[in-house]
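A short write-up of the structure that comes next.
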Amino acid sequence: MRRLMRWLFPAATLAICMVVSFSMASIEKTRAIAEGVARAKNDATELARNLEHAFSSAAKATAGVAAILDSLASEDREEAARDYAARVMASDRPDGLHGLGFAGPPATGASLDWVVSTPDSPDAGQFQGQRLGDTPAGTERLSRSARSSQFGVLRLASETPGFPEYKALVMPVSSDPDGADGFAVAIIRFEGLMNRLVAPSLIRVYHIQVRDLSDYGHPVVFNGGEHGDARQQASAVARIGDRHWQIDLNPAPGLGTASAGRTKFRQVFIPGMLASLVLAWIANFAGSRVRRRRQRWTLANRLDTVFRNHPHAVYYLDANRRFVNVNDKGAMEFGMPREDLIGRPSDDLIHPEHRDIADQHWQAALQGEAAAYDAMVIAADGRELIVRLVLVPILEGDTVAGVLGVAENITEKRQQEAELDRSRAMLQSVVDNLPLMVFWKDRNGRYEGCNHAFAASLGKTLTEIVGRTDHELIAHAEADLYRQEDLNVLRGAGDLISAIVDVEQRDGSHRFIRTSKVALRSPDGMITGLLGVAEDFTTQVQLERELEHRAWHDPLTGLANRAKLEEHLTMMVARADRGLGRFGLLYFDVDRFKAINDTHGHEAGDEVIRTIATRVASTVRSVDLVARLGGDEFVAVLDGVDDSGTLLHIGQVILKAVTKPVVLSNGETIQVATSIGGALHAVGLDSNELLHEADVAMYQAKESGRGQIVVARRKTDAT
C-alpha cells in the first residue's frame, strides 16, 4: 500500500500541474489575442485621424485659393491665387500635397486651367488641361460640391501605366450668386501620403488596406504590408468631405495577434510542463525528506524568522495587551531595548489623542478580526512617530491567545506627502493668480491640472477638466489640431508657439488666443507630459481692428474716408492703365445743405448725412466703393463701368434713392435733393484729375437746375 501511495502521489501531482499549466497557457493566449485586437483597433483609429488631419490641412490650402478667387476681380485673381499657391507649395505644404490649381468652368467639364507644383512633385503638372468631369462619377461629385459649396474628392486618372494614384480635392469658386464658375483644386498623391502617415512599425505588424466606401464595389485605394489574417481584422473609417474611406488592419503572419497568442501559449505551457516534471520528481524522491523537515518546523521557529528578517517593527502581544516578543527593528523604532519592552503594556506607547481608536481596533482583534489603522506613537526618547499598525489575532482553538502586530513607520512618508501637498497648493495658488491661462497634460493628452483662468475659458470647473482630453471638452476639429500640436511637443520636436487663433465661443462670440507649449521631463530626461500657457489677445486684436477701421473710415457714416478713397483710386487707375478694365466715378453732394443746418441744426444735418450714406451704399454692388470726402460731399467708384450710358443709369438710381424725404428722430421731415457729376477713366488721367472732372460736372448739374446728373465729356469719348 505504501509503495502504491509513493507512486500515486507524484503522478497526481504531475497531472494537476499539467492541467494548471494548460489552463494558464490558454488564458494567456486568449488575453494576448484580445489585447492584440484592441491594439489594432487603436492603431486603425489613430491612422484614420491622421488621414483626416492631412486632408484637412490640404483643404485649408484649397480654401485659401478659393477665397482669393472669390474675393478678387477676374483680372487679378489668377495672379494672386498663383502667388498664394506658390507660397504654400514652397513653405507650408501639407503632407501628400503635390499641387494647387484652378479648374473651370463646370460647363466645360471643369478643365484644369493651371497647376502650381514643386520640383519634388513633377507628376502633378501632367494633369494640367485634364477635365475633372470626364466620368459620370466625377460629374456628379463636381455638381454636388457646387450645389453644397463644400469640398469634394475625385480620382485623377492617368494614361501612363503604373502611374501612382492621385486624388483631387475641389472647392467651388463663385463670383456669380447663381452658381460656381470653377473649382479650386488640391492634387494629393494618395499612396505617398499613406506611406508618410503609416509608421514602419505598422507595416511590419499589419497588412494595411484602404477601401473607398463612397464608390460602387468599395474599390481598394491603398495596399501596404504583408498579407494579413482577415479573421483578426480591425477597422476604422476616415471621413473626408463627401468621401468615406475604411482603413483595415490585418495582422501579418508571424507578428499578428493570433501568433502572439500562440507564442504566449508556448511561453506559459512549455515552462509549466517542465516545472510539472520537476515537481513530480521532487514529490517522488524527496517527499519523505520534506515531510520530516516540515514536522520539525515549529510555530516558534517561523515567528522567530519573521521577527528577525521583517523590515518593519514586528511584535507579539498577549491577551492583556503586553509585549511578549519584539524584533530588533521594533526595539529601535520604539526607542528602548527588547528586554525593557517585554511585559510592558503597548498602550503606554500610544499618543493620548489616538488611544480611543487604538482601543477600538484592539477589541476587534480580540474578537478574531484583523485590524489595520494609522496612529501616533511616542518613543521612549520622545520622538513622535506616525505608524501604520496591522493587528492579526493568533487563535488557539476558538480563543484568541494573543495578537501579532506589524508597525510600519510612515512618519517621513507623511512629511513628504504634506510637503508635496503644500508645494502643490502654493503652485496652484500662483498659477491661479496669473493673468494667463495655464494647463498641463500627460503623454496621452489628458489634463492633469489647470488654473482658474483656463477653466473659466472652457466654462467648466477644475474637477470637470482633470482626467479628460480635448476631444471630450471641445469641438472635434479643434481638438484634432490641439492633439497634433501636443504630439509634436511630446515627440521632442521642440517648444511650440502657436500663432494667434480665432476661437468661436459657445455664445457665438470670438476670442483670439495664442498658446505656447513646452515638454515636461523627468529627472532622467524622459518626456512625461507638457505644460501649456495660453494668452488672450482679444482686446489687442479688437483694438487694432478698431484703429485700422478708424484710419480708413468716416466716423459719422462708416463709409470709406478720403484716405481710403485716394488709395483705392490709385489702385483702380493703375489697373485700368494696364488694360484690366475701366471704371467710372460719381461725385455728388446734398443740394442746399447749409440751409438744412441753419434751419434744423447740425444734429439734423448729421442725421441727413447718415441717411443718404445708407441709401447710396445699398444701391451699389459689393465691388464698388462709396466714400465721404467731408461735409455733404460723396464719391462712388464703380468697377467695370466703361461707357457713359451705364454711368448715367447708375447715377439715376442713386439720384432716385437720395431724393426721398428724410424723417428725423424728432419726427420732422426734410426733403433732400442732390446733383451728381460723373467721369469715366481714360488712359493718362490720374485720380486727382478724375475727381476734378467729376466735381466740375457736378457743378454743371447744379447750374442746369439741380436734381440731375451730368457726365464729363471729352473729345476722345465715343458718346
Side-chain angles (χ1 to χ4, degrees), residues 70-77 80 175 548-590 609-610 612-658 674-701 708-714 716-717 719:
D70 273 339
S71 60
L72 297 180
S74 59
E75 296 80 1
D76 290 334
R77 66 180 188 175
S175 60
E548 181 180 4
H549 186 271
R550 290 181 182 181
W552 296 105
H553 292 81
D554 173 53
L556 178 62
T557 63
L559 297 177
N561 59 13
R562 180 182 292 273
K564 180 65 175 178
L565 173 66
E566 291 175 352
E567 181 195 55
H568 185 70
L569 273 178
T570 300
M571 181 194 70
M572 295 292 289
V573 168
R575 193 186 72 174
D577 286 345
R578 296 199 305 269
L580 300 178
R582 298 180 68 190
F583 66 95
L585 199 69
L586 293 178
Y587 197 121
F588 55 97
D589 63 6
V590 180
I609 293 299
R610 285 194 295 267
I612 291 176
T614 301
R615 291 175 179 177
V616 174
S618 64
T619 62
V620 299
R621 302 164 299 174
S622 60
V623 296
D624 301 327
L625 177 75
V626 180
R628 180 188 177 213
L629 296 184
D632 63 328
E633 295 181 315
F634 298 87
V635 173
V637 183
L638 308 172
D639 191 14
V641 175
D642 58 0
D643 63 82
S644 58
T646 303
L647 192 61
L648 280 169
H649 172 72
I650 298 174
Q652 291 293 343
V653 173
I654 294 177
L655 193 67
K656 183 177 179 181
V658 171
T674 184
S675 300
I676 303 175
L680 288 170
H681 166 266
V683 176
L685 291 181
D686 60 22
S687 58
N688 290 328
E689 291 170 333
L690 279 173
L691 281 172
H692 178 70
E693 281 193 355
D695 188 19
V696 170
M698 179 186 71
Y699 279 99
Q700 291 175 356
Q708 54 186 302
I709 177 173
V710 172
V711 177
R713 302 180 63 84
R714 309 186 192 96
T716 56
D717 288 342
T719 59

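Reckoned from all heavy atoms, side chains included, excluding hydrogens, waters and symmetry mates.
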If you round to the nearest 0.5 Å, how far is [atom2] of [Y] from [atom1] of [X]?
{"X": "Gln700", "Y": "Ile709", "atom1": "CD", "atom2": "CD1", "answer": "12.0 Å"}
{"X": "Met698", "Y": "Leu691", "atom1": "CE", "atom2": "CG", "answer": "11.0 Å"}
{"X": "Leu638", "Y": "Phe583", "atom1": "CG", "atom2": "CZ", "answer": "10.0 Å"}
{"X": "Gln708", "Y": "Leu648", "atom1": "CD", "atom2": "CG", "answer": "11.0 Å"}
{"X": "Asn561", "Y": "Glu567", "atom1": "CG", "atom2": "CD", "answer": "10.0 Å"}
{"X": "Thr674", "Y": "Ile654", "atom1": "OG1", "atom2": "CD1", "answer": "9.0 Å"}

Any [X] side-chain heavy atom under 4.5 Å of [Y] side chain:
{"X": "Ile650", "Y": "Asp624", "answer": "no"}
{"X": "Val635", "Y": "Arg562", "answer": "no"}
{"X": "Leu647", "Y": "Leu586", "answer": "yes"}
{"X": "His692", "Y": "Asn688", "answer": "no"}
{"X": "Leu685", "Y": "Glu693", "answer": "yes"}
{"X": "Leu559", "Y": "Phe634", "answer": "yes"}
{"X": "Leu629", "Y": "Tyr587", "answer": "yes"}

| message | Taking side-chain hydrogen bond (donor to acceptor under 3.5 Å, both in side chains) as the definition, give me every residue that meets it alongside Thr646, ordered by chain and number, with sequence neighbours left out. | response | Asp643

| His553 backbone acceptor or donor facing Arg550 side chain under 3.5 Å | no

| query | Do side-chain atoms of Asp632 reach the backbone of Val590 as a donor and acceptor pair under 3.5 angstrom? | reply | yes

| Hey, which of Thr570, Asp554, Leu625, Val626 is the one that makes side-chain contact (heavy atoms from CB on, under 4.5 Å) with Leu565? | Leu625

If you take all heavy atoms of [X] and [Y], which pair is closest and at what distance?
{"X": "Leu556", "Y": "Ile609", "result": "CD2-CG2, 3.8 Å"}
{"X": "Asp577", "Y": "Gly684", "result": "OD1-N, 4.2 Å"}
{"X": "Ala563", "Y": "Ala551", "result": "CB-O, 4.4 Å"}
{"X": "Ala694", "Y": "Leu585", "result": "CB-CD2, 4.2 Å"}
{"X": "Gly584", "Y": "Leu680", "result": "CA-CD2, 4.1 Å"}
{"X": "Ala697", "Y": "Ala712", "result": "CB-N, 4.0 Å"}

| said: So if I apply the salt bridge (charged side-chain N to carboxylate O under 4.0 Å, His left out) rule between Asp639 and each of Arg582, Arg575, Arg621, which one comes out positive? | reply: Arg575

| message | Counting neighbours of NE2 on His568 that are heavy atoms of other residues, nucleotides or ligands and sit closer than 6.0 Å, is the number greater than 12? | response | yes

